[in-house]
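To start, the structure under review is shown below, and the notes come after it.
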2 protein chains.
Amino acid sequence: MTREDIKSLLHKNDLRATPVRYEVLDVFSKKEEALSNKDLEDRLPDFDRVTLYRTLQSFIDKSIIHKIPGDSGSALYAFSFDDETVYKKDSHIHFQCIKCGKLECLSGFEIPIPELPSGYSMNEINMIVKGKCEKCNA
Amino acid sequence: MTREDIKSLLHKNDLRATPVRYEVLDVFSKKEEALSNKDLEDRLPDFDRVTLYRTLQSFIDKSIIHKIPGDSGSALYAFSFDDETVYKKDSHIHFQCIKCGKLECLSGFEIPIPELPSGYSMNEINMIVKGKCEKCNA
DNA sequence: TACTTTATTGCAACAATGTTACAATAATTA
DNA sequence: TAATTATTGTAACATTGTTGCAATAAAGTA
């Protein structure tokens with residue numbers, strides 16, 4: 001993502017183009033991994049913890065990134081590519097490697113639709129698959 | 001679950017039968033919802049926060065309950081019924097109602113297997129479906 | 001039953017993360 | 001360039017997660 005891409009993405013979403021936002025989006029669009037607030041603090045030490053927290057909130061509000069359900073204690077976030085349909089935008093397969101720990105969002109893969117109890121309706125699906133990634137299987 | 005059932009479940013898992021454990025298992029086996037540490041504190045005010053925390057840890061270790069991936073900040077837990085295969089034991093469909101907020105573990109339903117990138121292997125699947133439950137759809 | 005052993009509990013204390021208020025500052029628009 | 005309004009940093013506080021340690025209670029044994 002170029003600086004111009006980021007600027008237009010921000011303006012399209014009624015967000016001012018500020019240094020933190022450039023940096024955070026730069027990190028997300030380059031790294032294919034999911035990141036926590038703490039991860040961002042480590043990578044971007046010039047910005048305050050709270051600023052990063054609020055930056056993530058604003059991106060969540062605009063659906064630029066999405067929160068990944070996890071059992072690790074702290075919240076994880078990943079970039080939402082905008083060439084997806086609304087349905088897909090809210091539905092993701094997340095893969096976590098049980099060896100190296102990396103958590104990634106498999107954006108190119110189809111989510112299979114589960115059967116639900118009668119009377120239930122479905123808006124969004126999240127799938128968390130644990131196993132070994134290509135690197136750790138080699 | 002009767003008191004005797006709980007006692008034998010605990011002993012089968014090398015855990016001493018103590019009051020907290022009776023109470024916590026009683027809550028889990030009756031309530032079909034997922035519960036957080038805080039939820040238990042509210043329901044069982046006679047026990048210390050840390051005791052409940054450690055009780056949950058010990059049940060997790062023995063796979064009596066399982067942790068549910070979520071994006072709510074605090075960890076959620078649900079009972080693991082022991083009439084399931086090992087594979088199913090680690091894999092669950094969790095349903096969260098976007099209206100009433102209830103999160104439940106749909107233990108009777110099949111998890112569809114997703115396709116993964118080549119080189120990846122799979123050990124465990126968790127599916128989190130958001131939508132409306134029967135009650136809220138009525 | 002009483003005794004011994006060892007797991008378990010409660011308390012205190014601390015760590016990490018999440019969250020809000022408010023004044024200072026910087027990005028947009030005219 | 002000035003005015004407007006979003007955004008930032010600092011501080012402070014809330015909530016949840018986690019550990020150490022002495023007191024206590026459960027299980028096994030005589």
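In the text below, chain A, chain B and the rest are named by the order of the sequence lines, each starting its count at 1. Below, all heavy atoms of this structure are taken into account, side chains as well, without hydrogens, waters or symmetry copies.
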Is [X] near enough to [N] that one of its side-chain N or O atoms lies under 4.0 angstrom from OP1 or OP2?
X       : N      : result
A/Tyr53 : C/dT19 : yes
A/His11 : C/dT28 : yes
B/Thr18 : C/dT9  : yes

Over how many whole Å does the gap from [X] atom [atom1] to [N] atom [atom2] extend?
X       : N      : atom1 : atom2 : value
A/Lys67 : C/dG18 : NZ    : P     : 7 Å
A/Asp39 : C/dA16 : CG    : C1'   : 14 Å
A/Tyr77 : C/dG18 : OH    : P     : 6 Å
B/Leu15 : C/dT8  : CG    : P     : 6 Å
A/Leu52 : C/dT17 : CG    : P     : 13 Å

Exercise for the section: Decide yes or no, distance alone: a donor-acceptor N/O pair under 3.5 angstrom between the base of D/dG17 and the side-chain of B/Arg49. Expected result: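 Looking at the base of D/dG17, it does pair with a donor or acceptor on the side chain of B/Arg49 (distance under 3.5 Å).
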Return the nearest nucleotide to the side chain of [X]; candidates are [options].
X       : options                : result
B/Arg16 : D/dT18, C/dT9, D/dA27  : D/dA27
A/Ser74 : C/dA27, C/dT17, D/dG9  : C/dT17
A/Asn37 : C/dG10, C/dT28, C/dG18 : C/dG18

Problem - Expected output: side-chain B/Thr51 to main-chain B/Phe47 donor-acceptor under 3.5 Å - result: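 The answer is no, because no donor-acceptor pair under 3.5 Å joins these two groups.
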Exercise for the section: Please check if the side chain of A/Arg49 supplies one atom and the backbone of A/Glu41 the other of a donor-acceptor pair under 3.5 Å. Expected result: no
Practice task
Would you mind classifying the nucleic acid contact of A/Arg21 as base, sugar-phosphate or nothing, using non-hydrogen atoms under 4.0 angstrom?
Solution key: sugar-phosphate
Handout entry: Pairing of A/Lys130 and A/Asp71 as salt bridge, 4.0 angstrom limit
Key =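 Looking at A/Asp71 together with A/Lys130, the answer is yes, because their closest N to O distance falls below 4.0 Å.
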Practice task
Inspect the surroundings of NZ in B/Lys99 and state if more than 12 heavy atoms from other residues, nucleotides or ligands are less than 6.0 Å away.
Solution key: no
Practice task
Let me know, please, whether A/Arg54 or B/Glu41 comes out on the 5' side of the other along DNA chain D by nearest nucleotide.
Solution key: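 The answer here is A/Arg54.
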